[in-house]
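Reviewing the structure listed below.
Order of the sequence lines fixes the chain letters, A, B, ..., with proteins taken first and strands second; residue numbering starts at 1 for each chain. All heavy atoms count here, side chains included; hydrogens, waters and symmetry mates do not.
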There are 2 protein chains.
Amino acid sequence: MANTFLDRTALNDLLNGACFLGGGGGGPMSGARPLIDLIVKEYDGVTLVPYDSLDPELPCAVVAGIGAPDAATHGPSFSSAPKDAFLKLQAVSGTTLGAVLPGETGAMNSIIAALVAAQLGLPLVDVDSSGRALPTLSLAAYNLATEPTVLTLANQPVTDEQQATAVIETRTAPQADSVVRALLTTQAFEQEGAFSTWLMTAGQLPGASVDGTVTRAIAVGAALREARAAGDDPVEAVNAVLDGQLVRLSCGTLTAFSSHEGGGFDGYTIVLTDDDGHVVTVSAVNENLLAWRSDSDAPLAAAPDTLAWLAEDGTPLSNTDLRGLTAGTRLHLLGIPAAPILRTPLLAARFAKELAGIGFFGQAPRLD
Amino acid sequence: MANTFLDRTALNDLLNGACFLGGGGGGPMSGARPLIDLIVKEYDGVTLVPYDSLDPELPCAVVAGIGAPDAATHGPSFSSAPKDAFLKLQAVSGTTLGAVLPGETGAMNSIIAALVAAQLGLPLVDVDSSGRALPTLSLAAYNLATEPTVLTLANQPVTDEQQATAVIETRTAPQADSVVRALLTTQAFEQEGAFSTWLMTAGQLPGASVDGTVTRAIAVGAALREARAAGDDPVEAVNAVLDGQLVRLSCGTLTAFSSHEGGGFDGYTIVLTDDDGHVVTVSAVNENLLAWRSDSDAPLAAAPDTLAWLAEDGTPLSNTDLRGLTAGTRLHLLGIPAAPILRTPLLAARFAKELAGIGFFGQAPRLD
């Protein structure tokens with residue numbers, strides 16, 4: 001594969017595709033749009049590279065936003081926090097970082113990685129942790145190469161006096177995540193920050209990442225854009241890009257939405273009434289984790305499979321974006337089988353723990 | 001049916017049978033034993049009457065303990081609080097109460113009703129709200145006759161200066177429950193109290209209670225006592241009393257126990273490892289509400305069916321009693337189909353809401 005320069009159209013496609021593939025999480029659309037404007041205005045765009053075009057010895061690291069997505073809808077634009085976190089990791093590690101790895105696929109986090117790559121003149125690598133968005137650091141495939149033993153966290157200050165960074169050294173991703181969440185609850189971070197970690201070489205990426213995720217998100221976004229212009233069914237358009245793997249879980253009207261921000265997470269309970277009158281309830285911790293239908297004793301779908309929203313007109317929506325919907329908007333709830341790497345024992349056990357945290361102690365159903 | 005005088009043997013059988021049928025809740029064994037001693041010492045016992053032997057116009061009311069069961073393991077013995085609540089209801093209603101209705105079937109609450117009947121020289125009526133213990137007032141069959149619009153709450157003071165009562169007037173059981181739980185979190189109550197409500201006539205009991213529940217609990221307790229003496233299988237002994245309705249959900253070793261007291265409730269997560277190596281997880285809010293097995297996407301059982309513990313030697317255990325178990329104790333988790341009245345739409349909807357409160361939004365499986 002060759003390098004690709006992502007211009008405004010490609011970045012907008014990435015935004016839309018990543019929002020859909022994020023499965024409710026990955027940050028709000030509204031938080032990502034100013035970052036695309038910034039990339040295009042200052043740098044025209046960003047260069048996307050396949051990991052196998054990089055020197056296997058090249059040091060790279062992940063950068064992403066973390067915290068409660070609702071906070072990102074009302075906080076300042078994340079123009080400097082991600083770069084600050086990335087450069088702090090470079091400084092404390094004494095390693096010159098040669099490429100930027102996206103943390104996950106999601107509206108804000110796909111664009112944040114692109115922004116830092118543009119700001120620092122580095123290539124953006126066409127991989128990520130999972131091909132979806134993730135509620136905790138523990139679940140990322142990157143942990144299969146290295147746990148996030150050194151992690152930097154930066155805030156997005158409104159004034160210089162408010163600037164704050166932290167450097168965290170722990171042994172495991174669950175420890176790192178718990179420390180980061182505690183920091184996010186402080187006044188210095190107000191439920192959101194940018195982090196950088198998983199410093200590794202390009203040669204470590206196979207077996208510890210999902211390949212081609214940026215390209216896939218751009219293709220999904222382009223399919224949605226083209227379907228909209230042509231008046232085609234957006235679900236079928238996305239399904240074609242995803243090789244027919246999309247599962248229609250439900251289609252109906254949003255009838256209830258509740259959220260609870262705290263501890264560096266947003267918990268959501270989202271209720272649809274489907275066209276047959278069943279009540280479909282989605283439980284989310286940032287990302288959608290479980291979908292239930294009122295006539296079945298087992299979930300319709302569960303993480304690590306992705307549970308994604310698409311408005312009937314083809315607009316992708318993260319959970320925090322649902323808040324702004326007009327009453328009566330019809331939504332598709334669509335399922336995407338998890339990347340196989342998320343079923344490896346370490347990650348599968350951690351996903352099971354996330355589900356247990358919201359009261360599910362059984363064997364999660366699989367879409368594939 | 002004739003009246004029955006419950007002596008120490010019958011009260012001990014009631015304690016054991018009610019503890020089992022309480023399905024994890026209903027208060028701890030340790031909190032009930034001093035109350036049996038008090039009944040026998042002061043009054044020899046108590047008179048149990050079938051509801052249909054009472055004048056249909058006779059006013060009666062429910063009395064029971066409420067709150068976090070763990071609190072009842074370390075608080076003062078509930079010798080006066082239930083009587084105080086019952087007499088306060090009589091005073092504020094201006095009605096002379098002629099009989100005592102048990103709130104639910106459970107170690108403490110079956111005995112508390114017997115104590116008040118003995119203390120006031122009134123008959124104990126052989127009915128209750130459900131034939132099991134219930135996490136909230138909302139779920140009681142008594143609500144089908146009258147919601148608990150006037151409710152009195154009393155504490156168990158250590159000194160006279162600590163005495164506290166409250167009279168609550170609301171329109172519905174969920175409202176009454178929410179106000180009671182708020183009161184229970186105060187210093188005056190320290191997570192537990194006794195309440196009296198559901199003032200009704202004996203003639204209102206059919207269609208708004210479960211009949212014969214005290215007799216059934218005594219029969220279960222006697223079966224456990226006799227099985228133990230004879231070395232018979234306690235599960236089979238109980239199953240015979242319950243007309244073969246008992247369902248063996250799991251049998252294994254307790255491998256994890258966690259609890260969280262707060263808001264006038266105890267939340268529990270209790271984990272067994274069964275004989276085939278499956279992990280069985282029971283989620284409880286005071287009472288057991290859901291049981292999961294690690295190899296199934298649907299629950300093994302769910303409320304309103306009862307999920308009850310029995311040690312392999314035939315000792316019944318409430319959830320708070322599990323805390324004291326020797327490591328490696330083998331436990332049966334047994335299911336009992338719910339009394340049909342708990343499936344009436346008002347109560348079924350309220351049970352579904354309890355399950356939603358711990359993350360289950362599907363259709364609960366049924367044991368019958």
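- In this structure, A/Glu190 places its CD atom where only 12 or fewer heavy-atom neighbours from other residues, nucleotides or ligands lie under 6.0 Å away.
- For residues 284-306 of chain A, the pairs satisfying salt bridge (Lys or Arg N to Asp or Glu O under 4.0 Å) are A/Arg293-A/Asp295, A/Asp305-A/Arg343, with sequence neighbours left out.
- Contacts between residues 360-368 of chain B and chain A, defined by a heavy-atom separation under 4.5 Å, are made by B/Phe360, B/Phe361, B/Gly362, B/Gln363, B/Pro365.
- Within the 4.5 angstrom heavy-atom criterion, only backbone atoms of A/Ser296 (N, CA, C, O) approach chain B.
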